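These figures come from a predicted structure and were not determined experimentally. Below, chains carry the letters A, B, ... as their sequence lines are ordered, and counting in each starts from 1.
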Amino acid sequence: MPTDKIDIRYVAKLARIALTDDEVEVFGRQLEDLLGHVNALSELDIESVAATAQVVESRNVTRADAIAPGLDRERVLAEAPQRQGNFFRVPRIIAE
Amino acid sequence: MSAQIDARLEKSAVEIAGDVCARRVSAVEVVESTLARIAAADGLLGSYLTVLSDSARAGAAAVDQRISRGEQLPLAGVPLAVKDNMCLDGTRTTCGSKILEHWIAPYTATAVARLIEAGAVPVGKTNCDEFAMGSSCENSALGVTRNPYDTARVPGGSSVGSASAVAAYEAALGLGSDTGGSIREPAAFCNLVGFKPTYGRVSRYGLVAFASSLDQIGPLTRTVRDAALAYDVMAGYDPMDATSINRPVEPTAGSLLDDLRGLRIGIVRDFDTKVLGDDLDGLYRKAYHDLERLGAQLVEVALPTADYGVPTYYLIAPAECSSNLARFDGVRYGLRVDGEDVRAMYDNTRAAGFGPEVKRRILIGTHALSSGYYDAYYVRAQKARTLIARDFERAFARCDLIACPAASCTAFEFAAKSDPYSMYLMDYYTIPMSLAGLPALSVPCGWSRPPGGSVPMPVGLQLCAPLFGERSLLGAAHAYEQATRHALARSPVADGAPA
Amino acid sequence: MTVAYEAVIGIECHVELRTATKMFCGCPNAFGGEPNTKICPVCLGMPGALPVPNARAIELIVTTGLAFGASIPAFSKFDRKNYFYPDMPKDYQISQYDMPLTAGGSVKYWLDDGAMKECRLTRIHLEEDTGKSTHAGSGDGRIAGSSYSLVDFNRAGVPLMECVSEPELTSPQEAIAYLESLRRTLLALDVSDVKMEEGSLRCDANVSVRPAGSAQLGTKTEIKNMNSFRSVERAIASEIERQIELLNSGGRIVQETRGWDEVNGVTHSMRSKEEAHDYRYFPDPDLVPLEIQPSDVTRLQASLPTLPWQRFERYTTEYGLAAKQATQLIDNRSLGAYFDSVVERSGNPQQSSNFVLGDLARLANETGVAVGDSGITAEHLAELIALVQSKRVNSKIAKALVERMWNGAGSPAAIVEREGLAQTSDRETIEPLVDQVLAAHPDVAANYRAGKQNVMGFLVGQVMKASGGKADPAVVNQLVRDKLS
């Protein structure tokens, strides 16, 4: 298994959570501690074991291509953090 | 019985429904006395984040109307406490988080809808650890809930408020959700029956997802019969949930047992004895002995990978939650904290909206899924999960049910567990069943005075069955409950004043 | 000394499927409409909502895969692709990673000169579309320079097929021809509207160059933001040129995403300051795996219509039509169906195409009425062709008949019979008319004898006129020549 180091700043960027320097330090320690415990899994012989995909086996659950009632726009936009007319408004998106 | 608590409130859900259907009492009366109890006691207890006085009164009136038209409603007038991570149309659904503190759900969870259809009346939305992550209530960002048996102690988590509400007669039926033990552990801490069905038996549609492959909705009640009835009403295929099982539900409420003759009950030998705290060992031995006296044959079974449950769970659950909680981004609903651009808005919103435990789990979960770590962490954990499930299969070849502790200790004091991993160990006994998707419950089995404490606190016995074994599980739990009647003690909290 | 380079191109298409509802919920799947009116808890990514896959979308992608000769694995699943963007309701997209619904296959396409080519597919997989953002404050609607964005979730959750080709295309022309064939096939299968202008077909191109004849691949760039086939062609050509110039001047190609700037005719780097996305794919625990049944594969395979490339082969090799004609018939579905019907009845593909692509296409253009909706049925046209073939009517009469039949005159054989329009090839009938004309124009006759051959047309025309157009022009021609020699 990998080492117990975790690049908290990189992971926080992926997860889009702004962390204070304090949090980076504290979370870093706590999660490395957790990873230390998690390392116990390396004791298991899992070479020939299949990963659990589902606890109860099931296949082909689908639905028919039929229209179902949706939500009222006004009700939804009333809960929007910021709306403009009939749209959700967000701050500028930096070009990809 | 204290004169201070309305005797009607002490009735079980089954009894209340029976009374309302027979029109010995109206649903409106039942709900009014519940609301009065909440007003008196909840200032101290803090079970409810939102009390639904108006809609509860209207709901009760509607039930009375249906009864007068001759309808038979299995849960007529039963006051229902709904954990705040379940959507109820038109109500605030916060998940115990600042990020949803003011969000009004526009639809109702299927399980809740089925209970309402059967006559139950939601009286409020209950406190929970934020996004169901926690074992004490200390991770709720919106309130503190106290254990009705000792208000200096936690009620357990994450189905915090549903447990304390039912234990303190602020509801007759509570709905919780269980991912790694969040129904069973608070049930054990609050002297209740807490039942987690087989994964997929109860629809997850409308349950705010924490870990999709583990989450299940289940009842918290004062009797096994109540839990069985609630399960019978809620369970079954839902086309809105692709993981819900499309198999007929075997009703359980009519098959409760009087004894355990013919049943083999497995006692696990591999559980780490250091995990079980206080001096609960003797208490559990007595409980197992009681099972024998009821006619069960005790069999020693092995779960060699039991110890790997916690590390396995704390990779899988955070991984799934890191993805499930990405949607809380300030765009469509919930909290928004602005930023100079949308990325800054995401970062600021999620920093302000999530508490530390949620952040920890998102971070570790993101790490476990990230490039270079996915195979070593996430995939490996899913393989360990297969081993754990196989262990149970092998064990169930030799027994019909497994008995073990529900929690590793009794309800602890607030701020007693400061280190995250020690809190994770609270789920030591409940996690393996969750990972295997098995039906499991906690039923009261006695009292124990915690170290340094003066008030005896409840202890829960966990029973677990093979997949789809709800009927024998509830049947056996009923037999044990009837024979031992540990649920006699009443909450010391009455009318808001501690005993 | 500059090296000769060759281009290596791969195309990635996103195709919106024509289902009644979205991929994972029952909201309507239709272009246009008032913003944020086709929404529900699922496609808005609300707390507690869960996806359930659309069975019809799965059928459509399997059908598509079979049409392209792809294999349909017995087992398939959905995975989550995790990244944050305002038009992503869940901030992850349900897609397919390592077990797509189809694998392999190829697109057969043809160039303008009729040459048939084939480009293999890597895979076609199923996923959900995002919402749409419009960017405000920059004056030109682009992201760069905008101050805020508005999001509409009507499109979020629409079923999307992603078709990825192998990098086997070698020129912008091939890329367009590939896209045209892909588009035609999807239309013939009725699985999508494939309109770039409506966003039901979107393309990105991967472009690299390498020394001609080299087996190694050069560094590739991904080109985005091409809104029409013309843009695709121009963009790829421009990028090839840019890469060659860069390499020839000693530079290196950077692997990056570049956006096509339609106005200035160049690609711009869209390199972000962040590292490449780590999508953290994992199997979606809210969905269960799909096992496509062999019986369904058999049924869908049997339901495949004749595909455009099969049509093209038949038209060009069997019928001997020119590439351009064949393409025309394939692109106009009703015209093509009409044509096939006429060929079936007349057994004469050449004449059929002459009429259909000639007079009938012209009339359709002039009147605004589709050929299939006009008064001239396939039976009638086939009848007319038989009349011409047997020389019962000449081409001039035939042309006049077409006009009248277009307006509903009915069976040509009946008209000819009724009005006596049958062509006369009888020398005895024609000869007096020839004598008549030659007598009326002695000076023209003299000119011909004097060597002016081109007056033949005038004389023949006069005889035709005298015959009311019914004389067989070949016989007239022969008779006039005989008499003047």
Side-chain angles (χ1 to χ4, degrees), chain B residues 85-87 93 95 100 103 105-110 131 200 203-209 211-215 238-244 316 319-320 322-334 341-343 345-347 350 365-374 378-379 382, chain C residues 24-26 36 39-54 78-94 97-98 131 133 135 143 146-151 153 156 272-290:
Chain B
N85 66 351
M86 299 179 206
C87 293
T93 300
C95 302
L100 285 180
W103 184 62
Y107 72 106
T108 298
T110 301
F131 288 108
S203 168
R204 291 185 300 118
Y205 185 72
L207 169 67
V208 181
S212 316
S213 73
L214 293 155
D215 294 341
D238 179 14
M240 299 299 284
D241 173 2
T243 61
S244 80
I316 295 174
E320 292 181 4
S322 71
S323 180
N324 286 329
L325 268 61
R327 67 189 65 199
F328 301 106
D329 59 8
V331 173
R332 289 147 287 119
Y333 47 78
D341 56 56
V342 79
R343 279 195 187 138
M345 182 200 81
Y346 290 148
D347 295 346
R350 292 159 66 78
T366 305
H367 179 65
L369 291 174
S370 65
S371 171
Y373 294 98
Y374 175 73
Y378 185 75
V379 175
Q382 292 284 28
Chain C
F24 294 109
C25 67
N36 289 307
I39 52 173
C40 76
V42 177
C43 59
L44 274 180
M46 285 196 156
L50 293 172
V52 184
N54 184 331
F78 291 104
D79 302 288
R80 292 191 187 179
K81 181 179 182 182
N82 297 280
Y83 67 102
F84 284 82
Y85 204 79
D87 61 18
M88 300 259 293
K90 301 182 290 295
D91 292 300
Y92 63 84
Q93 179 193 37
I94 301 179
Y97 183 53
D98 56 337
S133 355
H135 314 297
I143 285 186
S146 68
S147 48
Y148 63 91
S149 296
L150 300 175
V151 192
F153 289 99
S272 68
K273 300 174 209 103
E274 317 247 331
E275 300 92 356
H277 287 290
D278 182 349
Y279 291 120
R280 288 158 279 135
Y281 284 100
F282 71 103
D284 194 328
D286 287 330
L287 296 167
V288 308
L290 301 171

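Of the two parts of C/Phe153, only the side chain, counted from C-beta on, holds a non-hydrogen atom closer than 4.5 Å to a non-hydrogen atom of chain B. Of the two parts of B/Leu325, neither the backbone nor the side chain holds a non-hydrogen atom closer than 4.5 Å to a non-hydrogen atom of chain C. Contacts of C/Asn82 with chain B are made by side-chain atoms alone, with heavy-atom separations under 4.5 Å and no backbone atom involved. Neither the backbone nor the side chain of B/Thr93 comes within contact range of chain C, judged by heavy atoms closer than 4.5 Å. Residue contact with chain C, scored on non-hydrogen atoms closer than 4.5 Å, involves the backbone and the side chain of B/Tyr205 alike.
Taking the six-membered ring for Trp and thresholds of 30 and 60 degrees, B/Tyr378 and C/Phe282 have ring planes more than 60 degrees apart, a perpendicular arrangement.
Side-chain contact between C/Asp91 and B/Tyr346: present, with at least one pair of heavy atoms (C-beta onward) separated by less than 4.5 Å. A heavy-atom distance below 4.5 Å is not found between the side chains of B/Val331 and C/Met88.
Side-chain contact annotation: B/Asn324 with C/Arg80, donor-acceptor N/O pair under 3.5 Å present. For B/Ser371 and C/Asp278, the side-chain atoms include no donor-acceptor pair closer than 3.5 Å.
Across every non-hydrogen atom of C/Pro47 and B/Val208, the tightest pair is CB-CG2, 3.7 Å.
The closest donor-acceptor contact from the side chain of B/Tyr107 to the backbone of C/Cys40 lies at 3.5 Å or more, if one exists at all. Using modelled atom types, one side-chain atom of B/Arg327 and one backbone atom of C/Met46 make a donor-acceptor pair closer than 3.5 Å. Judged by distance alone, the side chain of C/Arg280 and the main-chain N or O of B/Thr366 form no donor-acceptor pair under 3.5 Å.
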